Visitor: 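Sending over a structure as structure tokens; questions will come in a sec.
Because the structure is a prediction, the values reported are computed rather than measured.
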Amino acid sequence: MEIEEGSNKSGIEIGLYTLGDICPDPHTGKTISTQQRMKEIIEAAKLAEDAGLDVFGIGEHHRLDYATSAPQVVLAAIAQITKRMRLTSATTVLSTVDPVRLFEDFATLDILSEGRAEIIAGRGAFVESFPLFGYELKDYDALFSEHMELFLKLNKNDRITWKGQFRPALKDAVIAPRPLQKALPIWVGVGGTPESAARAGRLGVGMAIVILDGDPIRFKPLVDLYRKTGLDAGYAFEDLKVAVTGHGYFSKTSQQAKDEFYPYYLNYWEYVNRQRGMSFRLSIEDFEQKIRPQTALFVGSPQKIIEKILRQHELFGHQRFLVQMDIGGIPFKKVAESIEVLATEIAPAVRKAISKT
């Protein structure tokens, strides 16, 4: 049985993603185990489903300070306790994974989830997967291009003959299993380069833009380029889907959200930059500038966040909004409270406003 990719009648899908980072809590100094982190990720997904959110994504990192090196395995566990949410990687490091193995894994996930699997493919902000899987950093772009080309062919054909530069050739190879969906939905994660936006358009895949701070208006040219390139390549406008992803935290009041989230936001970026050999300092005054109404960091009361999402929708006309809130060692109790605010107060208002446009 084949099923078509689901759609949201409100005009926008709203959901969560996590990278599974494992940071010491800045207040207690304690670090939870990888097992506990995974349990909390699965519980967060169940909470999101029960509260009515549309999508849940899991990122891929191959480090001891991240819990999810195999998103498809964790998503398969989530598939068994959910029935409706779309389940996506966020992102898959496509440059360093065998496209055949990747397709088989996500086709299997699609079957287990009854047609809810998706992939956001990226080149990776960290590069540890290159030596781990025997690839050279000098082939960073070429690997992504070749693997994407092959994956798209696998997605369309159950038998394939193919030859490339980095992977052994395929001769009349059977590609199994086939997903329940007609094809696995695939998006390209774009951090800000025109080349990546144009590539997504040429390929006719979705574009997931990562906007972590600053004024989101600077991404408008990328969205326009993506759509123009896709239309020029012969794709229909409705097939050129845009997702906006970023950090966020929600409470009853903006002051509460700011006070609760700031220590963990600071902790996250201090930790990430320390791993890269860089320093990071952010005063509370700097943080307040980052969460102003015209910026892309989603921290505040429901009304403030509703207005931010709708402003971005006016800019981009995007079909999906995904937020990451479980960063920097923030306790799961706080994450659960923020999920509830997103699902019960923010999402309904946003869907209602967009459905009227």
Side-chain angles (χ1 to χ4, degrees), residues 5 13 15 17 19 55 57-61 71-72 75 86-99 102-103 105-106 109-110 117-127 129-130 135 139-156 164 166 179 181 183-212 216 218-246 296 312 316-322 324:
E5 179 187 351
E13 295 174 314
Y17 74 99
L19 303 185
V55 189
I58 297 179
E60 173 192 348
H61 286 84
Q72 54 269 49
L75 290 170
R86 307 295 296 174
L87 303 176
T88 184
S89 62
T91 64
T92 291
V93 185
L94 187 59
S95 301
T96 57
V97 65
D98 178 5
L102 179 68
F103 180 83
D105 285 351
F106 275 84
L109 172 63
D110 201 53
E118 301 188 8
I119 295 172
I120 300 176
R123 290 179 290 181
F126 290 89
V127 296
S129 63
F130 283 81
Y135 292 102
D139 299 320
Y140 187 83
D141 290 314
L143 279 163
F144 186 87
S145 295
E146 180 173 299
H147 286 186
M148 176 62 81
E149 174 201 348
L150 176 54
F151 187 89
L152 292 176
K153 291 181 183 295
L154 299 168
N155 210 14
K156 293 179 179 178
F166 300 104
Q181 296 176 90
L184 291 171
I186 184 164
W187 309 63
V188 170
V190 175
T193 64
E195 294 79 11
S196 295
R199 185 199 335 246
R202 284 195 305 272
L203 296 174
V205 299
M207 182 175 75
I209 51 177
V210 183
I211 311 179
L212 298 182
R218 72 188 192 277
F219 285 85
K220 181 71 162 59
L222 293 182
V223 175
D224 292 343
L225 175 63
Y226 162 69
R227 289 186 173 131
K228 181 182 185 303
T229 307
L231 291 172
D232 289 347
Y235 296 101
F237 184 86
E238 58 268 23
D239 294 330
L240 300 170
K241 297 182 177 181
V242 175
V244 172
T245 72
Q312 286 198 7
F316 307 130
H318 52 295
Q319 290 77 30
R320 180 174 288 183
F321 170 73
L322 299 180
Q324 180 189 13

Visitor: Step by step, would you call R320 with E118 a salt bridge (charged side-chain N to carboxylate O under 4.0 Å, His left out)?
Guide: CA-CA 13 Å; R320 180 174 288 183; E118 301 188 8; 2.8 Å; yes
Visitor: Taking C-beta and beyond as the side chain, do V223 and M207 meet within less than 4.5 Å on heavy atoms?
Guide: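 Side-chain contact under 4.5 Å: yes.
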Visitor: Take T91 and V210 through the side chain to side chain contact (heavy atoms under 4.5 Å, CB included) test and state the conclusion after the steps.
Guide: CA-CA 11 Å; T91 64; V210 183; over 6 Å; no
Visitor: Side chains of L222 and P194: closer than 4.5 Å at any heavy-atom pair?
Guide: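 The answer is yes; the side chains approach within 4.5 Å.
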Visitor: Do L143 and F130 pass the side chain to side chain contact (heavy atoms under 4.5 Å, CB included) test, and can you show the C-alpha distance, the side-chain angles, and the key distance before you say yes or no?
Guide: CA-CA 10 Å; L143 279 163; F130 283 81; 3.9 Å; yes
Visitor: Check whether any side-chain N or O of S89 sits under 3.5 Å from a backbone N or O of I58 as a donor-acceptor pair, and report yes or no.
Guide: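 Such a contact is absent between S89 side chain and I58 backbone.
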Visitor: Give me the atom names and distance for the closest heavy-atom approach of T96 to S129.
Guide: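 T96 and S129 have their closest heavy atoms at OG1-OG, 2.8 Å.
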Visitor: Are the side chain of E146 and the backbone of F144 linked by a donor-acceptor contact shorter than 3.5 Å?
Guide: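 Flag not set: sc E146 to bb F144 has no pair under 3.5 Å.
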Visitor: If every non-hydrogen atom of Y226 is compared with every non-hydrogen atom of G201, which pair is closest and at what distance?
Guide: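 Heavy-atom minimum between the residues: CD1-N, 3.4 Å.
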Visitor: How long is the straight-line distance from CH2 of W187 back to OG1 of T88, given to the nearest 0.5 Å?
Guide: 8.5 Å
Visitor: When you compare the side chain of F219 with that of V244, does any pair of heavy atoms fall below 4.5 Å?
Guide: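 Sidechains of F219 and V244: no contact.
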Visitor: Decide side chain to side chain contact (heavy atoms under 4.5 Å, CB included) for F316 and I211; before the verdict, give the C-alpha distance in whole Å, the side-chain angles of both, and the deciding distance to 0.1 Å.
Guide: CA-CA 12 Å; F316 307 130; I211 311 179; 3.9 Å; yes
Visitor: Does some side-chain heavy atom of P179 sit less than 4.5 Å from a side-chain heavy atom of F103?
Guide: yes
Visitor: Any side-chain heavy atom of K241 within less than 4.5 Å of one from P185?
Guide: no
Visitor: Using every non-hydrogen atom in the two residues, find where A90 and Y17 come nearest and quote the distance to one decimal.
Guide: CB-CB, 4.1 Å
Visitor: Give the C-alpha distance, both sets of side-chain angles, the deciding distance and a yes or no for side chain to side chain contact (heavy atoms under 4.5 Å, CB included) between M148 and V188.
Guide: CA-CA 9 Å; M148 176 62 81; V188 170; 3.5 Å; yes
Visitor: Are side-chain heavy atoms of F106 and T92 found at a separation under 4.5 Å?
Guide: yes
Visitor: What's the verdict on salt bridge (charged side-chain N to carboxylate O under 4.0 Å, His left out) for K220 and D224, showing C-alpha distance, side-chain angles and the deciding distance?
Guide: CA-CA 6 Å; K220 181 71 162 59; D224 292 343; 3.0 Å; yes
Visitor: So which atom in L19 and which in H61 form the shortest heavy-atom distance, rounded to 0.1 Å?
Guide: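 For L19 versus H61, the nearest heavy atoms are CD1-CE1, 3.8 Å.
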Visitor: Closest heavy-atom contact between Q181 and A117?
Guide: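 Shortest heavy-atom separation between Q181 and A117 comes out as NE2-O, 2.9 Å.
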Visitor: How far apart are the closest heavy atoms of L240 and Q319, and which atoms are they?
Guide: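 The pair with the smallest heavy-atom distance is O-OE1, 4.2 Å.
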